[in-house]
Amino acid sequence: MGDEKNNNNTWGILIVLFLLFIVFGRGFIGGRGEDSGIVGNNLGCGCGCGRVSNCEVERQEIIDSYNTQLNTINQGIITRADMQNGFQRLADQSRGQWDAQQGEKIFDLKMENQSLKQMVYADNKFNEINRRLDDISCNTPKRPPFYATGVQPCGYKYPPCNDCNIA
């Protein structure tokens, strides 16, 4: 009796599993939709009659190859454009740095020019003052030479009128 009970339990479990597989799985016969089932006509390929012809495979290979080549060409175009943009940005940056350096040189030269103008202005100003002082010194009357002996430059005794005071 124990063998029959174990045997019934085993068959019961197998039947339940089979029913669950049919209900929730794709099933063996037909299943849900056109593409389901192992025993059905389609065998999961969806191309009719359960077969795929060589022409269709080659056609798909050609399409895939074309798409790959097209993607490669497009990626090359994008890469070239990115490189060109990078080179243009680098050239613009270099040009900006060069312009900045030239601007600094121009500023330095302007500052040097301004300082030279100030020096020339100051020199001209002082030269004018020196010229005026020279004019003043030339037009100033000179003091007569001083002789300690009391004699005039011509050899006459000082005062020259000694002969006039006869008394």
Side-chain angles (χ1 to χ4, degrees), residues 6-145:
N6 285 339
N7 197 12
N8 287 338
N9 285 340
T10 305
W11 280 108
I13 291 174
L14 286 176
I15 292 173
V16 168
L17 289 176
F18 180 73
L19 290 175
L20 287 175
F21 181 74
I22 290 175
V23 171
F24 293 110
R26 298 186 84 143
F28 285 105
I29 303 170
R32 286 177 258 146
E34 295 179 20
D35 221 11
S36 60
I38 296 173
V39 182
N41 293 335
N42 296 336
L43 294 176
C45 69
C47 49
C49 298
R51 295 186 214 175
V52 177
S53 69
N54 288 338
C55 293
E56 290 176 20
V57 171
E58 289 177 8
R59 187 174 133 241
Q60 189 61 41
E61 285 179 2
I62 291 171
I63 291 171
D64 291 343
S65 173
Y66 172 76
N67 287 335
T68 302
Q69 288 177 351
L70 187 63
N71 289 338
T72 304
I73 291 170
N74 288 339
Q75 189 62 40
I77 290 170
I78 291 170
T79 303
R80 262 188 240 108
D82 287 344
M83 287 175 54
Q84 201 60 21
N85 289 338
F87 291 145
Q88 186 62 39
R89 279 182 291 190
L90 183 63
D92 291 344
Q93 184 180 10
S94 296
R95 177 64 186 205
Q97 290 174 352
W98 185 81
D99 288 344
Q101 289 173 352
Q102 296 304 314
E104 288 176 9
K105 286 180 184 178
I106 289 171
F107 177 77
D108 291 342
L109 290 173
K110 283 182 178 180
M111 292 302 291
E112 184 180 353
N113 189 16
Q114 188 66 27
S115 67
L116 290 174
K117 282 181 181 180
Q118 289 174 351
M119 287 173 52
V120 167
Y121 174 74
D123 287 345
N124 286 339
K125 186 176 172 184
F126 290 123
N127 285 340
E128 183 65 28
I129 291 172
N130 285 337
R131 267 188 252 119
R132 286 186 183 172
L133 288 175
D134 288 342
D135 287 344
I136 292 171
S137 66
C138 287
N139 294 333
T140 305
K142 304 274 189 245
R143 121 185 124 106

field: side-chain contact (heavy atoms from CB on, under 4.5 Å) between Q60 and E56, worked out
entry: CA-CA 6 Å; Q60 189 61 41; E56 290 176 20; over 6 Å; no
task: Would you check, one step at a time, whether the test side-chain contact (heavy atoms from CB on, under 4.5 Å) holds for N74 with L70?
output: CA-CA 6 Å; N74 288 339; L70 187 63; 3.9 Å; yes
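Annotation: the span from K105 atom NZ to Q102 atom CD amounts to 4.5 Å, rounded to 0.5 Å. Between D108 atom CG and M111 atom CE the span is 8.5 Å, to the nearest 0.5 Å. Interatomic distance, W11 CH2 to I15 CD1, rounded to the nearest 0.5 Å: 7.5 Å. Interatomic distance, T72 OG1 to I77 CD1, rounded to the nearest 0.5 Å: 11.0 Å. Distance CZ/R80 to CG/N85: 13.5 Å, rounded to 0.5 Å. To the nearest 0.5 Å, atom CZ of residue R89 and atom CD of residue Q93 are 10.0 Å apart.
No hydrogens or angles considered: nothing links the side chains of E58 and N54 as a donor-acceptor pair under 3.5 Å.
Remark: side-chain polar atoms of T68 are paired, donor with acceptor, to backbone N or O of D64 under 3.5 angstrom. Remark: side-chain polar atoms of N71 are paired, donor with acceptor, to backbone N or O of N67 under 3.5 angstrom.
Counted within 6.0 Å of CD on E112, heavy atoms from surrounding residues, nucleotides or ligands total 12 or fewer; the atom is thus considered open. At most 12 non-hydrogen atoms from other residues, nucleotides or ligands lie less than 6.0 angstrom from CD of Q84.
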